[in-house]
There are 2 protein chains.
Amino acid sequence: MLSQESHLARNIDRHVTLSGGDASLLAELDAHPRRVPRGSELWQTQRPSDHLYTLCRGWACSYHRSANGSQQILDLFVPGDIMGLRDLTYHDHTSTAVMLTTGQVSAYPVERVSELMRCSRRLDWALQASAARQERLITQRLINVLSHDAVSRIAHLMLEVQHRLQRVDAASGDQFYLPLLQRQIGMLLGMSSVHVSRTLIELSRRGLLERSRRRIHLLDVEALARIADFTTFPYEAGLNPELLPEDGMQR
Amino acid sequence: MLSQESHLARNIDRHVTLSGGDASLLAELDAHPRRVPRGSELWQTQRPSDHLYTLCRGWACSYHRSANGSQQILDLFVPGDIMGLRDLTYHDHTSTAVMLTTGQVSAYPVERVSELMRCSRRLDWALQASAARQERLITQRLINVLSHDAVSRIAHLMLEVQHRLQRVDAASGDQFYLPLLQRQIGMLLGMSSVHVSRTLIELSRRGLLERSRRRIHLLDVEALARIADFTTFPYEAGLNPELLPEDGMQR
DNA sequence: CGTAGATTTGAAGCTCCTCAACATAAGTGG
DNA sequence: CCACTTATGTTGAGGAGCTTCAAATCTACG
């Protein structure tokens with residue numbers, strides 16, 4: 001497990017240093033991934049949230065469907081992400097999750113999550129930290145949507161994605177694969193797919209990014225960061241040492 | 001403490017039934033509130049998040065300041081709310097919090113919060129539930145902002161506020177006091193204060209709400225809920241029984 | 001009572017949306 | 001492998017919604 005480190009482990013590692021025992025408990029979480037095809041749903045609104053998922057390969061997202069039929073994407077999941085944390089605290093899901101590409105997912109029943117958290121305080125803490133990080137992502141997107149126009153919103157999204165992919169070594173420098181349709185980018189940022197298209201072209205025209213097929217190449221990260229006000233990376237920040245359980249302490 | 005129940009206790013009660021011991025531990029959290037004038041800051045960006053706060057009286061909010069000087073309000077706090085939970089997981093704050101009215105706040109050092117959580121699993125759980133509820137609020141606002149126009153956004157905000165105030169018995173029916181300036185409503189919903197003004201007038205014209213001074217009177221909650229797609233109240237939903245610690249269990 | 005702050009109103013302009021047609025890419029079965 | 005089909009992206013035109021600026025009220029408060 002240490003030799004061939006999973007994306008999940010690499011993700012958690014950024015938050016909390018785990019003991020060997022914790023690491024092997026954690027390894028359980030994505031020990032038995034199964035292949036899930038593009039478009040298949042991981043969970044659905046109003047169904048009980050009885051599993052925690054880890055995404056080993058591929059992309060997924062969670063979304064909300066309004067009464068009028070419009071949809072808004074809430075979370076974007078990349079390899080190494082834990083999925084379903086937001087809803088786990090509650091009895092029912094309030095979102096639906098779907099695979100954006102074919103990928104590998106492992107599902108973990110909530111009872112065993114509960115057990116896991118009882119066994120290891122540090123692992124409990126790691127899950128909380130992961131949840132907190134996802135909340136910061138959402139908060140950042142709210143800030144982005146509240147304050148920026150179309151060009152800045154898209155610039156911000158691209159930088160966020162690059163940053164998250166680099167974290168699990170899934171982006172090669174300034175280039176990465178982005179399986180999102182323009183309609184889906186619109187659902188993330190609250191704009192029409194037509195305007196997403198125009199804005200992407202505008203960004204190309206300005207020499208800020210290039211795209212061929214689904215590959216994105218950020219040509220001028222500096223300028224993009226300026227436009228998008230992407231100076232801080234709050235979800236990468238240090239955890240509160242006061243709340244961190246001592247090393248090796250078990251419940 | 002049981003006879004004269006605090007707003008905080010009433011808030012937590014909705015999530016978790018606490019034992020007598022837990023309740024008195026909880027009572028500590030807002031035992032010694034101090035008076036804080038309107039406009040005073042509770043915490044600031046990039047400062048260590050070393051306290052948890054409870055709002056006993058008055059209104060507050062947290063906001064983000066962009067590089068270009070624009071501001072976005074992230075959380076709106078009403079009496080009974082716990083403040084600073086979002087940032088507590090991390091070492092530093094990423095938002096600034098300020099009193100919207102003069103009020104009463106009690107601050108609780110993070111070391112003692114940590115102690116509290118170690119002492120009582122149910123209280124730990126209650127705090128997590130409270131954090132999860134605040135995350136759902138933010139997520140709902142993101143959905144609101146992503147999908148709705150000005151009229152719906154404001155309708156949604158009014159319903160959210162009414163709902164949260166009713167929860168702590170601070171709203172009398174369809175009427176409540178709303179200390180937000182129109183500029184601040186704009187900062188919450190991503191619109192200019194001029195347009196907030198026009199939209200509020202439009203809502204009055206349609207007979208959906210009335211306002212005199214800072215008092216809001218919702219005239220047609222049904223219609224507002226339809227406009228705002230405010231059918232579900234996800235932050236009021238039931239907690240996951242699988243994760244709920246058994247009664248009386250201590251660490 | 002006067003002043004600073006908040007709200008309202010008007011006008012002009014810009015961003016973004018909608019609708020629709022077209023172009024290109026991706027997927028499918030012969 | 002190609003024609004067919006379907007999905008996705010691009011382009012244009014017109015219009016709705018919102019912003020900005022500025023001036024005119026209104027309100028709060030020392």
Side-chain angles (χ1 to χ4, degrees), chain A residues 37-39 59 61 66 68-73 98-102 144-157 177-206 209-216 227-228, chain B residues 37-39 59 66 68-73 98 100-102 144-157 177-206 209-216 227-228:
Chain A
R38 188 167 81 98
W59 291 57
C61 74
S66 297
N68 62 26
S70 73
Q71 297 177 0
Q72 301 84 39
I73 294 183
V98 67
M99 293 298 297
L100 293 169
T101 69
T102 298
N144 185 22
V145 169
L146 284 180
S147 58
H148 293 325
D149 66 351
V151 170
S152 310
R153 287 186 200 182
I154 292 208
H156 193 281
L157 176 65
Y177 175 73
L178 184 74
L180 289 171
L181 301 180
Q182 297 192 355
R183 177 165 44 85
Q184 291 163 335
I185 295 178
M187 288 161 62
L188 265 162
L189 302 177
M191 45 199 283
S192 70
S193 65
V194 173
H195 203 57
V196 170
S197 170
R198 288 193 225 271
T199 307
L200 282 171
I201 291 168
E202 169 70 13
L203 283 168
S204 294
R205 201 191 56 70
R206 291 203 212 167
L209 61 80
E210 239 169 23
R211 78 224 137 86
S212 55
R213 319 280 226 88
R214 295 275 143 76
R215 277 204 80 77
I216 301 288
I227 289 173
Chain B
R38 188 168 79 97
W59 291 56
S66 298
N68 62 26
S70 72
Q71 296 177 0
Q72 301 83 40
I73 294 183
V98 67
L100 293 169
T101 68
T102 297
N144 186 23
V145 169
L146 284 181
S147 58
H148 294 324
D149 65 352
V151 170
S152 309
R153 286 186 201 182
I154 293 207
H156 193 281
L157 176 66
Y177 175 72
L178 184 75
L180 289 172
L181 300 180
Q182 297 191 355
R183 178 166 45 85
Q184 292 163 334
I185 295 178
M187 288 161 62
L188 266 161
L189 301 177
M191 46 199 281
S192 70
S193 64
V194 173
H195 203 57
V196 171
S197 171
R198 288 193 225 271
T199 306
L200 281 171
I201 292 168
E202 170 69 13
L203 283 168
S204 294
R205 202 192 55 70
R206 291 202 211 168
L209 62 79
E210 239 171 21
R211 76 224 138 87
S212 54
R213 322 281 224 84
R214 293 274 142 78
R215 276 203 82 76
I216 300 287
I227 289 173

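Proteins come first, then strands; the chains are lettered A, B, ... in the order of their sequence lines, and each starts at number 1.
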For this session: State whether A/R183 places a side-chain N or O below 4.0 Å from either non-bridging phosphate oxygen (OP1 or OP2) of D/dT8.
Result: yes
Problem set entry | Length of the CZ-P vector between B/R215 and C/dT7, whole Å | 17 Å
Problem set entry | Nucleotide C/dG27, atom C1' - distance to CZ of A/R214 in whole Å | 13 Å
For this session: Send over the distance from A/L100 CG to D/dT8 C1', rounded to a whole Å.
Result: 15 Å
Exercise. Under 4.0 Å between a side-chain N/O of B/Q184 and OP1 or OP2 of C/dA6, yes or no?
Worked result: no
Exercise. Which value, rounded to the nearest 0.5 Å, describes the distance between A/I185 atom CD1 and A/H195 atom NE2?
Worked result: 13.0 Å
Seminar exercise, completed: Closest non-hydrogen contact found for A/R153 with A/H148 is NE-O, 3.0 Å
Exercise. Which of residues 189-201 of chain A have a heavy atom under 4.0 Å from DNA chain C?
Worked result: A/G190, A/M191, A/S192, A/V194, A/H195, A/R198
Exercise. Does a sphere of radius 6.0 Å around CZ in A/R38 hold more than 12 heavy atoms from other residues, nucleotides or ligands, not counting ones at 6.0 Å or beyond?
Worked result: no
Exercise. Under the criterion side chain to side chain contact (heavy atoms under 4.5 Å, CB included), which of A/V196, A/T199, A/V194 is the partner of A/Q182?
Worked result: A/V196
For this session: Take the C1' atoms of the five end pairs on each side of the helix from C/dC1-D/dG30 to C/dA21-D/dT10, get both axes, and report the angle to 10 degrees.
Result: 50°
Exercise. Using a cut-off of less than 4.0 Å, is there contact between a side-chain N or O of A/R153 and OP1 or OP2 of C/dC16?
Worked result: no
Exercise. In whole angstrom, what separates B/L178's CG from C/dT7's P?
Worked result: 11 Å
Exercise. Just how far, in rounded Å, is C1' of D/dC18 from CD1 of B/I154?
Worked result: 13 Å
Exercise. Under 4.0 Å between a Lys/Arg side-chain N and an Asp/Glu carboxylate O for A/R198 and A/E202?
Worked result: no
Seminar exercise, completed: So CG of B/L200 and CZ of B/R211: to nearest 0.5 Å the spacing works out to 4.5 Å
Exercise. Roughly how far, to the nearest 0.5 Å, is CG of A/L203 from CD1 of A/I216?
Worked result: 9.5 Å
Exercise. Between B/R38 and D/dA28, is there a side-chain N or O to OP1/OP2 distance below 4.0 Å?
Worked result: no
Problem set entry | Interatomic distance, B/L180 CG vs C/dA6 C1' [rounded to whole Å] | 14 Å
Problem set entry | Between C/dT7 (P) and B/E202 (CD): distance, integer Å | 19 Å
Exercise. Rounded to the nearest 0.5 Å, what separation is found between the CG atom of B/L100 and the CG atom of B/L178?
Worked result: 9.5 Å
For this session: Provide the closest heavy-atom pair for B/L189 versus A/L146 in the form atom of the first, atom of the second, distance.
Result: C-CD2, 3.5 Å
Problem set entry | Any A/R213 side-chain nitrogen or oxygen under 4.0 Å from OP1 or OP2 of C/dA26 | yes
For this session: To the nearest Å, give me how far apart CD1 (B/I185) and P (C/dT8) are.
Result: 10 Å
